[in-house]
Trainee: 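Before we start, here is the structure in question, set down as structure tokens.
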Amino acid sequence: MRLWLQLRDLIVGLDSDMKIVTYNVNGIKARLPRLLEYLAEGDADVVCLQELKASDDSFPAADIEAAGYGAVWHGQKSWNGVAVLTRGAQPIERVRGLAGEPEDEHSRYLECEVPDGNGGTMVVASLYLPNGNPRPGPKFDYKLRWLDRLRSRATELLSEEVPAVLAGDYNVIPHDDDTFSVRAMAEDALMQPESRAGYRRLLADGWTDALRTRHPAGKIWTFWDYQAGAWQRDAGFRIDHLLLSPRAADRLVDAGVDKAHRGREKASDHAPTWVRLR
DNA sequence: ATGCCCGCATTCTGCGGA
């Protein structure tokens with residue numbers, strides 16, 4: 001069977017593996033050289049971007065197309081902004097923004113249909129969950145409501161029983177092991193019990209945290225602050241997550257962080273974080 | 001206890017980020 005699949009892939013020219021990446025770029029204009037470099041390295045099939053910090057008309061679509069990727073984006077001047085890139089194909093937009101608060105104009109959720117690398121399709125969403133600081137206050141309340149709204153959409157996706165990946169910057173430190181210092185972050189919105197509970201409810205609904213599944217123990221960071229020498233001290237935390245629907249989790253091969261990218265010149269404070277699906 | 005460092009918008013500085 002395995003040989004047959006390999007033979008078929010050889011004949012049809014399909015990859016048996018899909019690398020799906022989530023990458024908070026912290027400003028796509030400032031980060032364009034790093035992003036193009038990353039795409040040129042060539043093993044990312046789908047890239048979900050967050051924090052574009054750019055309006056729709058200033059999204060560098062031509063550069064990304066020249067790198068061999070189709071793109072759908074949901075920009076916003078100065079803040080937020082998410083996109084989905086697909087190598088050698090155009091993502092098909094499904095959902096732009098979460099239901100429940102019509103007055104919410106933040107660009108934080110973009111859901112697309114993309115090739116699954118095996119002749120079929122899958123669903124990939126790029127999401128940027130609100131930071132929620134300072135707490136308590138309206139920003140923290142907005143974060144918790146947004147988590148609830150995400151859960152509603154995620155539940156609809158589960159009922160479709162499709163392979164799906166919810167990839168993005170969740171701004172949630174799920175567990176004490178996911179930060180360099182519980183003490184330093186104790187009062188932060190990223191690791192409040194309410195934030196964690198919202199994230200945990202997604203897992204209880206049937207979503208799989210890909211990184212924790214592949215690496216059940218140990219410290220894995222996806223973010224290192226620009227300040228206080230956090231990168232040099234390896235003082236980070238894990239807030240970028242890829243949640244897999246059951247049919248995507250069945251295909252899980254590996255997950256990790258392209259940590260070296262955080263050490264490059266003019267890097268984002270987040271590193272590209274990825275999952276490989278069969 | 002606070003700010004450090006960054007990107008963005010528009011400066012002689014503020015806001016948001018995490």
Side-chain angles (χ1 to χ4, degrees), chain A residues 22-38 48-60 63 73-83 104-109 126-144 146-147 167-196 198-199 211 219-241 257 259 261-273:
Chain A
T22 183
Y23 182 19
N24 179 321
V25 291
N26 187 17
I28 194 166
K29 280 172 280 192
R31 209 68 56 219
L32 190 59
R34 290 290 81 79
L35 174 62
L36 295 177
E37 196 174 82
Y38 188 74
C48 296
L49 302 177
Q50 299 88 34
E51 277 208 272
L52 302 178
K53 293 184 170 182
S55 56
D56 277 338
D57 57 8
S58 61
F59 184 83
D63 291 305
W73 60 94
H74 187 198
Q76 182 181 336
K77 187 180 177 183
S78 302
W79 318 119
N80 311 316
V82 286
D104 180 5
E105 294 184 342
H106 289 199
S107 300
R108 295 182 179 274
Y109 185 86
S126 178
L127 66 96
Y128 177 47
L129 214 139
N131 171 299
N133 283 306
R135 177 201 63 88
K139 292 190 174 181
F140 189 62
D141 297 340
Y142 173 57
K143 174 179 197 155
L144 299 183
W146 206 93
L147 259 166
D169 177 358
Y170 282 70
N171 273 315
V172 174
I173 295 169
H175 187 271
D176 285 356
D177 287 345
D178 294 315
T179 172
F180 73 101
S181 167
V182 169
R183 190 173 168 184
M185 299 300 292
E187 297 306 313
D188 198 284
L190 274 60
M191 57 174 273
Q192 292 314 300
E194 299 94 325
S195 308
R196 288 180 165 178
Y199 185 78
L211 258 82
K219 299 181 178 298
I220 306 167
W221 312 146
T222 68
F223 169 90
W224 295 258
D225 202 301
Y226 287 124
Q227 301 183 66
W231 169 248
Q232 288 73 15
R233 295 187 294 123
D234 197 29
F237 27 94
R238 190 174 76 95
I239 52 175
D240 300 276
H241 308 302
V257 180
K259 184 175 176 179
H261 279 262
R262 177 62 182 84
R264 297 190 179 184
E265 286 298 310
K266 296 275 287 177
S268 170
D269 40 7
H270 297 250
T273 303

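Each chain gets a letter, A, B and so on, in the order the sequences are listed, and its residues count up from 1.
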Trainee: Can you find a side chain N or O atom of A:His270 that sits less than 4.0 Å from OP1 or OP2 on B:dG17?
Mentor: no

Trainee: Quickly work out the A:Gln232 CD to B:dC5 C1' distance and round it to whole Å.
Mentor: 11 Å

Trainee: Could you encode protein contacts along nucleotides 6-16 of chain B as a string, one character per nucleotide from 5' to 3', using B for base contact, S for sugar-phosphate-only contact and - for no contact, with a heavy-atom cut-off of under 4.0 Å?
Mentor: SBSS-----BB

Trainee: Verify whether one side chain among A:Thr222 and A:Asp240 offers a donor that lies under 3.5 Å from an acceptor in the other.
Mentor: yes

Trainee: Pick the P atom in B:dT10 and in B:dC6, then give their distance to the nearest Å.
Mentor: 23 Å

Trainee: Work out how far the C1' atom of B:dC12 is from that of B:dT2, and round it to whole angstrom.
Mentor: 24 Å

Trainee: Considering every strand and a 4.0 Å limit on heavy-atom distances, what is the contact class for A:Asp240: base, sugar-phosphate, or nothing?
Mentor: nothing

Trainee: Checking A:Trp231 now: which residues fulfil ring-ring contact (aromatic ring centres under 6.0 Å, His included) with it, not counting sequence neighbours?
Mentor: A:Trp224

Trainee: Please identify each residue that fulfils ring-ring contact (aromatic ring centres under 6.0 Å, His included) with A:Phe237, with sequence neighbours left out.
Mentor: A:Phe223

Trainee: Between B:dG17 atom P and A:Leu190 atom CG, what is the distance in whole Å?
Mentor: 11 Å

Trainee: Expressed in whole Å, how much space separates the P atoms belonging to B:dA1 and B:dT11?
Mentor: 36 Å

Trainee: Which part of the nucleic acid, if any, lies within reach of A:Tyr128 when heavy atoms closer than 4.0 Å are counted: base, sugar-phosphate only, or nothing?
Mentor: sugar-phosphate

Trainee: Which residues pass the ring-ring contact (aromatic ring centres under 6.0 Å, His included) test with A:Phe180, not counting sequence neighbours?
Mentor: none

Trainee: Quick one: list whatever passes salt bridge (charged side-chain N to carboxylate O under 4.0 Å, His left out) with A:Asp177, sequence neighbours left out.
Mentor: none

Trainee: Return the set of residues passing side chain to side chain contact (heavy atoms under 4.5 Å, CB included) with A:Glu187 (not counting sequence neighbours), or none when no residue passes.
Mentor: A:Arg135

Trainee: Can you find a side chain N or O atom of A:Asn171 that sits less than 4.0 Å from OP1 or OP2 on B:dA18?
Mentor: yes

Trainee: Just call it for A:Asn80: base, sugar-phosphate, or nothing, with non-hydrogen atoms closer than 4.0 Å on any strand.
Mentor: nothing

Trainee: Are OP1 or OP2 of B:dA18 and a side-chain N or O of A:Asn131 less than 4.0 angstrom apart?
Mentor: yes

Trainee: Only counting residues at least two apart or in another chain, list the ones meeting ring-ring contact (aromatic ring centres under 6.0 Å, His included) with A:His106.
Mentor: A:Tyr142

Trainee: Round to the nearest Å and state the distance from A:Gln50 atom CD to B:dG17 atom P.
Mentor: 15 Å

Trainee: Please measure how far the C1' atom in B:dG3 lies from the corresponding atom in B:dG16, and state the result in whole Å.
Mentor: 15 Å

Trainee: Between atom CG in A:Asp169 and atom C1' in B:dA18, what is the gap in whole Å?
Mentor: 9 Å

Trainee: Please verify the inter-ring angle class for A:Tyr38 with A:Tyr23; under 30° counts as parallel, over 60° as perpendicular, anything in between as tilted.
Mentor: tilted

Trainee: Taking atom P of B:dG17 as reference, at what distance in whole Å does atom NZ of A:Lys143 sit?
Mentor: 10 Å

Trainee: What integer distance in Å separates A:Gln76:CD from B:dG17:P?
Mentor: 10 Å

Trainee: Could you summarise the pairing of DNA chain B as dot-bracket text, marking Watson-Crick and G-U pairs under 3.5 Å with ( ) or [ ] inside the strand and | across strands?
Mentor: ....(((((...))))).

Trainee: Would you mind reading off the distance between A:Glu187 atom CD and B:dA18 atom C1', rounded to a whole angstrom?
Mentor: 15 Å

Trainee: Is it true that A:Asp176 and A:Arg196 make a salt bridge, defined as a side-chain N closer than 4.0 Å to a carboxylate O?
Mentor: yes

Trainee: So, using salt bridge (charged side-chain N to carboxylate O under 4.0 Å, His left out) as the criterion, who are the partners of A:Arg238 when residues are at least two apart?
Mentor: A:Asp178, A:Asp209

